Amino acid sequence: MAKQTPKKHKVMLTGVRPSGSITLGNYLGAIKNFADKQGLFKSYIFIADLHAITEPRQPAELKAAVNQCMAMYLACGIDPGKTVIFRQSDIAEHGIMGFIMAFQTRLGELSRMTQFKLKSAAGGKSGVGTGLFIYPALMAADILLYDTDIVPVGADQQQHVELTRDMCQRFNKRYGAVLNEPDAFVAPVGNRILNLRNPLEKMNKSDCSDNMGTIFLSDGADIARKKVMTAVSDGLGLVKFDQENQPGISNLISILSCITGQSIADIESRFEAQGYAAFKSAVADSVCCLLRDIQERYRKFNDPKVLEDILSDGRARAEKIAEKTCQRAKTALGLA
Ligand code: TYM
């Protein structure tokens, strides 16, 4: 039986779906946490382009989104010297392993995933694409192929990492200690950045308010400032972290805390005697400063030759590990 060999280093992995521009939520919930820890682990980050085709897309748009995602990773501080950066569809084992993992799960488990429930509540189950339904099996494959220990994600993806653990345990129980069981890393602050116009909803790549509730890493300073200054607050006039009664203000406090590293308590006391205008202005300053730095680096890295070289190196390095793990799983199943 082909089992895992002991590892020298713990492995960290995450990915973003290139289904539009990267948001401040993606950055604060996942990419920043990954970038901060990348030197501590054997690190892999990928562009989850197979996940982006769960809905039909214009091919040219998808290609552009893949390049943008790649350049944004670099602009956000992902360092190819410390992290293997690759495109999911470059590694055939994701498809094979995704198929294998689909058999380690049950209809009931997949039906309980929030993303599927939300889509089927909106339009009825029969109209939901199969891709969205089996998507967690592909995500499990992404994680398990690299013997991952830690997966930095936002709160919305934690459920998928939990299901990955279940699939992994089931596989190992049936076929031996073949796959490594991962843990999600969900940061205590910033794991669910909310829509600025509707703080009862998560900040998503698209929203119903002409994207005024979503900050994109590519937003210009004027538009980003406007989005923050017009963010929904409340009539209480208190800069206080109270997610139940003041979701909009609490969201802005989380954003400021993540960007500046100040604690929530320090932010509350700093703005204790000040109104929302001064507070929002400080949040807008921090966001604009962050975006300016990211965009400066983005311009530097957004060169097709540079991106292609990094991706081809990432592909070679990721492929080696993915091939080994997939072979181990196939051997355990009797397929090799
Ligand atoms: P995606 O592309 O929707 O989001 C990428 C990452 O950003 C986090 N995120 C947020 N965090 C805080 N607040 C928000 N408003 C917010 N919006 C998004 C997500 O939780 C995620 O961590 N299925 C994944 C991509 C994926 C993946 C993987 C991730 C595919 N395979 C394996 C980790 C490991 C997705 O669609 O993320």
Side-chain angles (χ1 to χ4, degrees), residues 11-35 43-55 65-66 68-69 72-73 76 78 86-89 91 94-95 97-98 101 113-116 118-119 131-132 134-165 167-168 182-207 211 213-217 247 250-251 254-255 257-259 318 322:
V11 176
M12 176 172 73
L13 170 138
T14 202
V16 174
R17 205 160 26 110
S19 54
S21 294
I22 295 187
T23 69
L24 186 66
N26 297 142
Y27 175 72
L28 297 179
I31 301 171
K32 179 178 186 298
N33 298 319
F34 183 97
S43 301
Y44 298 85
I45 196 164
F46 67 99
I47 301 158
D49 56 351
L50 291 174
H51 288 268
I53 56 166
T54 50
E55 283 167 18
V66 166
Q68 196 209 39
C69 183
M72 271 301 176
Y73 280 164
C76 291
I78 307 290
F86 66 98
R87 179 167 46 202
Q88 183 187 31
S89 63
I91 317 274
H94 285 255
M97 196 70 167
M101 294 324 294
M113 294 297 108
T114 307
Q115 263 181 353
F116 174 74
L118 288 176
K119 285 266 168 156
L132 186 81
I134 59 157
Y135 170 112
L138 182 57
M139 183 158 162
D142 302 337
I143 296 169
L144 296 171
L145 274 176
Y146 299 89
D147 288 338
T148 306
D149 297 292
I150 167 168
V151 190
V153 279
D156 64 318
Q157 295 295 326
Q158 187 168 15
Q159 196 182 30
H160 294 152
V161 182
E162 292 301 325
L163 184 56
T164 301
R165 287 168 60 86
M167 292 185 208
C168 175
D183 274 309
F185 171 79
V186 177
V189 183
N191 64 49
R192 187 174 156 81
I193 300 296
L194 303 172
N195 184 301
L196 300 175
R197 285 296 168 97
N198 176 7
L200 299 177
E201 280 190 5
K202 185 172 79 87
M203 182 182 281
N204 277 325
K205 286 173 187 149
S206 59
D207 71 14
N211 287 335
T214 299
I215 293 177
F216 296 101
L217 298 188
S250 302
N251 190 37
S254 297
I255 292 173
S257 169
C258 285
I259 296 178

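Heavy atoms only: backbone and side chains are in, while hydrogens, waters and symmetry mates are out. What you see is a predicted model; the values in this text were computed from it and never measured. Both counts, for ligands and for their atoms, begin at 1 and track the order of listing.
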Check: His94 ring centroid to Tyr146 ring centroid under 6.0 Å: yes
Electrostatic pair Arg165-Asp183, nearest N-O below 4.0 angstrom: yes
What side-chain donor-acceptor pairs closer than 3.5 Å can you find for residues 20-30, not counting sequence neighbours?
from, atom 1, to, atom 2, distance (Å)
Thr23, OG1, Gly25, N, 3.2
Thr23, OG1, Asn26, N, 3.0
Thr23, OG1, Asn26, OD1, 3.2
Asn26, OD1, Thr23, N, 3.0

Salt bridge present between Lys202 and Asp156 (N-O < 4.0 angstrom): yes
Side chains of Gln157 and Gln115 in contact at under 4.5 Å (non-hydrogen atoms): yes
Heavy-atom pair with the smallest gap, counting every atom of Ala140 and Met167: CB-SD, 3.6 Å
Ligand 1: protein residues within heavy-atom distance under 4.0 Å: Leu13, Thr14, Gly15, Val16, Arg17, Gly25, Asn26, Gly29, Ala30, Phe46, Ala48, His51, Tyr135, Met139, Asp142, Ile143, Val151, Val153, Gly154, Asp156, Gln157, Gly190, Asn191, Arg192, Ile193, Lys202, Met203, Lys205
